[in-house]
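Presented below is the structure to which this report refers.
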Amino acid sequence: MAEEKKEKLLINKSGVEIQKGSSKEISKEEAIGFLKSHDRFLLIGHEHPDGDDVGSICALHNALLLMGKEADMVLPDPVPHVYTLVKTSEKVLTEIPKDRDYDALIFTDLGNLERGGRDKFDFPRVDSLCIDHHESNEHYTDYLYLKYRYAATAELLSEMFFDMGLTLDEDTCNALYMALCTDSGFFSFSCTSEHTLTMAAKLVGMGAKPDYISNRLDERTPEALECWGRVASTIQTFAGGQIVTAFMDEKSMALDGENSDAYASIPRSLKGCQIAALLKYRTEKGKVITRISLRSTEHCNVGALAKEFKGGGHWKASGCTIEKPIHEALPILVEMAEKYLPGGEKYMVGRDKKES
């Protein structure tokens, strides 16, 4: 039997591996102290970056520069074109610069190290902090500042920057506002709170341009419009219409794969949907696999559903991978999703914590 490959972990500045689950959870004030007590930062976001991750990493970069610090931003994948409305995104790298003497490592909007390029990058052995809002965070850094009831990582950062008394420029305000918008469904998802709206209002007051951001995010290329029609034509329903699926095949991914998460709104919008799933064609090491974006419209815990396939995320938005082609992954997913519907054997998973 082949020996199981050991999972790669972060190594701290003392040369010791940081075991998952061992992060010290810290307060907002302590997170601010971390920024103040270090000088040369490497900022890491997640693969297939979304609006919250792009906006958060760019805003943190700019805030650190404003504080007189040095910072580099690295994402495992390029910034999708739609999020380049944030001008700072031009500075995002896809490789860690060589011969840089970092003294701090910060992960933004990143629940686990795998999505941060664990198998691609050699991270420096320095103090590490994760700033995140995913309840499923695996506690893989020295320190963790986590607020899972916040709509976006940008909500944590906005609050930090305001409390620090920083005067943010227009691009930084736009980055944070874009991040709040995209992760809250333009303030329509249940994760939107009074605090979310307060942060957004303060950002507008400091210079964010809602019309500019909305117009840019709403732009669609001819390829994207073609892709939209293709995905809509694949809709299937299960469990009396409570589970709705759609898929992006190889051609659809070629048309607009970098914005694939946006197409999860297609199955989610069908009347009667409780759990929506967008199944996406991918290849990994020469093998065809299926990446899945999950959404819940009311009470179903798709974060727990994603964990069944070693994924994760939030109660109403999550993602996972099934290492099979779409046509084989679909029945596996549906069988498990049925257990998370009202009346299903796993419907109550996590509900006591959600309603506390």
Carboxylate-amine/guanidinium contact D119 K8, below 4.0 Å: no
Gap between atom CG of L43 and atom CD1 of I57 - 0.5 Å precision: 5.0 Å
Neighbour count >12 (heavy atoms, 6.0 Å) for atom CD, E250: no
Atom CZ of R118 with >12 non-hydrogen neighbours under 6.0 angstrom: yes
Any donor-acceptor pair under 3.5 Å from W315 side chain to E135 backbone: no
Between T182 and D52, a side-chain donor and acceptor under 3.5 Å: no
Note: R216-E219 ion pair, threshold 4.0 Å (strictly below): yes
E323 atom CD, neighbour heavy-atom count above 12 within 6.0 Å: no
Check: H134 ring centroid to Y148 ring centroid under 6.0 Å: no
Salt-bridge contact D249-R230 (side-chain N to carboxylate O under 4.0 Å): yes
Nearest-0.5 Å distance, CG of residue L105 to CG of residue L129: 9.0 Å
Do any side-chain atoms of residues 237-244 form donor-acceptor pairs under 3.5 angstrom with protein atoms, and if so which ones, sequence neighbours left out?
unit_1	atom_1	unit_2	atom_2	d
Q242	NE2	A239	O	3.2

All pairs passing salt bridge (Lys or Arg N to Asp or Glu O under 4.0 Å) where residues 194-213 contributes a residue, at least two apart: none
Residues R40 and E70 bridged, charged N to O under 4.0 Å: no
Under 3.5 Å side-chain donor-acceptor pair for Y347 and N301: no
Over 12 foreign heavy atoms within 6.0 Å of NZ, K69: yes
Heavy atoms of other groups near F121 CZ, more than 12 under 6.0 Å: yes
Spatial distance of atom OG (S23) from atom CG (D132) [nearest 0.5 Å]: 10.5 Å
Aromatic contact, F107 with F123 (centres under 6.0 Å): yes
Short N-O contact, K280 and D261, less than 4.0 angstrom: yes
With sequence neighbours excluded, residues passing side chain to side chain contact (heavy atoms under 4.5 Å, CB included) with S214: F186, D218
Evaluation steps, side chain to side chain contact (heavy atoms under 4.5 Å, CB included), between K28 and E159: CA-CA 9 Å; K28 175 180 59 181; E159 185 176 50; 3.8 Å; yes
Under-4.0 Å salt bridge between E308 and K346: yes
Donor-acceptor side-chain pairing of D109 and H46 below 3.5 angstrom: yes
Crowding at NZ, K120 (>12 non-hydrogen neighbours, <6.0 Å): yes
Pairwise side-chain contact, Y177 with P210, heavy-atom cut-off 4.5 Å (strictly under): yes
